[in-house]
Each structure stands twice: as C-alpha cells, then as structure tokens.
Amino acid sequence: MALPAIDKALRDPTLTPQERSNIQLVLKFRALPFSERGTYTVQDFRPGRMGMANLAELKTGGGPNYTADSIPDREDEILDIIAKGDRVWATWLIRGTHSGALYGIPATGHKVEVLEVGQWRIQDGLIAEAWFFVDELALVRQLGVWPEPDTTEEEN
C-alpha cells in the first residue's frame, strides 16, 4: 500500500515518465539496507553530504557512527516527494528508539522523531549524487544531550 505522499506524487499528471521512474528508483533505493543500495547507484557512489554530518564532525573517540543498531526500530514516514528532470527531493520523519551508539552518543533508550530531507540526481537510471540533511539539533535535544532553550521570561 503506497503512503499518501508517495501515491499523490506518482499520480501527478505533470510528471514525465522519466520523472515518475526516478521517484520509483529513489523509493527502491531507500527501502534497502545500506549494504544493498549499490545496485541502484553508479560505481564509487558516495553521498555529497550525509544526514548527520555535524554529529559526525563533532564526534570524538572511536566507535560506530550510525549503524542499523543506532535506531533499530527506525521507520521513515515520507511527507513529500517530488521530481523535476533528473532530480528527486523528499522530506520524511525518522521515528524510532535510540538503542545503540550514534556518533559517540551512547544508547539513551529515548524515542526520537526528527525531520530529514534528501535530494538525489539520477543518471542513466542510477543514483549518481545524493545529499541528506537531518535536523540534528532536534535529535540531540530529544536524546537529552543538548538542553532545551529556557523559555521562562525574566522579570524587568
């Protein structure tokens, strides 16, 4: 059963057959574990930006970055997906439980729900480039490792 955002996008009468095919390619790519995604990418594919790039840059010490154990019950809800020419853009919510190390942050057991956006460029039926951006501030706040802003007003 297609999700409403996906179904709506694929029924868009302004899409060309190639744009529709590009959306379907991205959906197939996203449905696979990281280890199997190479089937849908050009040789030596590397994303231009990973979704949690700032956490990766701040990480100190050893240990894993993001693995299947970081949020093992992760579910992504696609909120919107569009295509134009050789590009596909999507916005989705990541939901799950922080049950394993995540860029040096030990498992907290906290539930998370954060927004991520992605962009893919398709070339000859394969993903040639990709960029991902996660709301990392919302993530670290939900994990309890960054304080929520103080919303109390000071009296003058």
Side-chain angles (χ1 to χ4, degrees), residues 1-10 22-84 87-122 126-156:
M1 180 171 128
L3 297 172
I6 295 168
D7 189 45
K8 178 183 173 191
L10 291 173
N22 289 347
I23 289 175
Q24 291 169 333
L25 172 69
V26 165
L27 293 172
K28 288 176 192 173
F29 173 82
R30 287 186 36 79
L32 292 172
F34 291 115
S35 62
E36 298 174 27
R37 290 182 174 183
T39 306
Y40 296 99
T41 63
V42 297
Q43 187 175 358
D44 299 323
F45 168 79
R46 296 285 178 265
R49 183 191 192 280
M50 292 303 291
M52 300 177 193
N54 295 310
L55 286 178
E57 188 175 320
L58 293 173
K59 179 184 170 196
T60 59
N65 291 328
Y66 179 93
T67 69
D69 295 327
S70 298
I71 306 173
D73 60 344
R74 177 179 170 162
E75 291 185 9
D76 292 2
E77 177 189 354
I78 294 180
L79 304 174
D80 199 11
I81 188 165
I82 58 174
K84 182 69 176 168
R87 306 286 173 145
V88 175
W89 296 266
T91 305
W92 59 93
L93 280 174
I94 298 170
R95 290 188 182 103
T97 309
H98 178 222
S99 301
L102 175 69
Y103 292 100
I105 303 168
T108 63
H110 292 191
K111 295 283 186 190
V112 296
E113 180 177 288
V114 294
L115 192 64
E116 183 169 14
V117 296
Q119 179 185 159
W120 299 263
R121 185 177 65 80
I122 313 303
L126 297 172
I127 296 171
E129 296 179 71
W131 303 265
F132 304 98
F133 301 88
V134 172
D135 185 348
E136 294 165 281
L137 181 56
L139 176 63
V140 294
R141 283 186 168 152
Q142 290 174 36
L143 297 179
V145 297
W146 188 273
E148 291 288 336
D150 183 5
T151 57
T152 60
E153 292 184 33
E154 292 182 28
E155 292 188 30
N156 294 332

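Residue numbers start at 1 and run along the sequence shown.
The CD1 atom of Ile78 sits 4.0 Å away from atom CD1 of Ile6, with the distance rounded to the nearest 0.5 Å. Here the NE2 atom belonging to His110 is positioned 13.0 Å from the CD1 atom belonging to Ile71, to the nearest 0.5 angstrom. Between atom NZ of residue Lys8 and atom CG of residue Asp80 there is a gap of 6.5 Å, rounded to the nearest 0.5 Å. Taken from CG in Leu143 to OH in Tyr103, the straight-line distance is 13.0 Å, to the nearest 0.5 Å. Distance check, rounded to the nearest 0.5 Å: CH2 of Trp89 to CD of Gln119 gives 5.5 Å.
With sequence neighbours left out, the ring pair (Phe, Tyr, Trp, His ring centres under 6.0 Å) criterion links Phe132 to Trp120. Remark: Arg141 engages no residue in a salt bridge (charged side-chain N to carboxylate O under 4.0 Å, His left out) (not counting sequence neighbours). Every residue meeting the side chain to side chain contact (heavy atoms under 4.5 Å, CB included) condition with Ala138, not counting sequence neighbours, appears here in chain and number order: Val114, Asp135, Gln142. By the side-chain hydrogen bond (donor to acceptor under 3.5 Å, both in side chains) test, Asp69 pairs with no residue at all, sequence neighbours left out. In this structure Asp44 satisfies the salt bridge (charged side-chain N to carboxylate O under 4.0 Å, His left out) test with no other residue, sequence neighbours excluded. Every residue meeting the side chain to side chain contact (heavy atoms under 4.5 Å, CB included) condition with Phe133, not counting sequence neighbours, appears here in chain and number order: Arg49, Val117, Trp131. Not counting sequence neighbours, Arg87 has no partner by the salt bridge (charged side-chain N to carboxylate O under 4.0 Å, His left out) test. Taking Pro72 as the reference, Ser99 meet the side chain to side chain contact (heavy atoms under 4.5 Å, CB included) condition, with sequence neighbours excluded. Under the rule for a side chain to side chain contact (heavy atoms under 4.5 Å, CB included), the partners of Ala128 that lie at least two apart in sequence or sit in another chain are Val42, Arg121, Gln123. Partners of Thr97 according to the side-chain hydrogen bond (donor to acceptor under 3.5 Å, both in side chains) rule, which considers only residues two or more places apart in sequence or in another chain, are Asp73, Lys111.
Under a 3.5 Å cut-off, the side chain of Glu136 and the backbone N or O of Leu55 do form a donor-acceptor pair.
A 6.0 Å sphere centred on CD of Glu57 holds no more than 12 heavy atoms belonging to other residues, nucleotides or ligands.
Shortest non-hydrogen contact noted between Ile105 and His98 is O-NE2, 3.4 Å. What you find for Ile81 and Ala5 is that their closest heavy atoms are CG2-O, 4.1 Å. Taking each heavy atom of Ala101 and Ser70 in turn, the nearest pair found is O-OG, 2.6 Å. Of all heavy-atom pairs spanning Phe45 and Ala130, the tightest one is CZ-CB, 3.7 Å.
Within the 4.5 Å cutoff, no side-chain heavy atoms of Thr67 are placed close to those of Phe34. Residues Leu115 and Leu93 have side chains in contact (heavy-atom distance under 4.5 Å, counting atoms from C-beta outward). Taking the side chain as every heavy atom from C-beta outward, Ile127 and Val88 never approach each other to under 4.5 Å.
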Side-chain donor/acceptor pairs under 3.5 Å, residues 23-33, sequence neighbours excluded:
unit_1, atom_1, unit_2, atom_2, d
Arg30, NH2, Asp76, OD2, 3.0

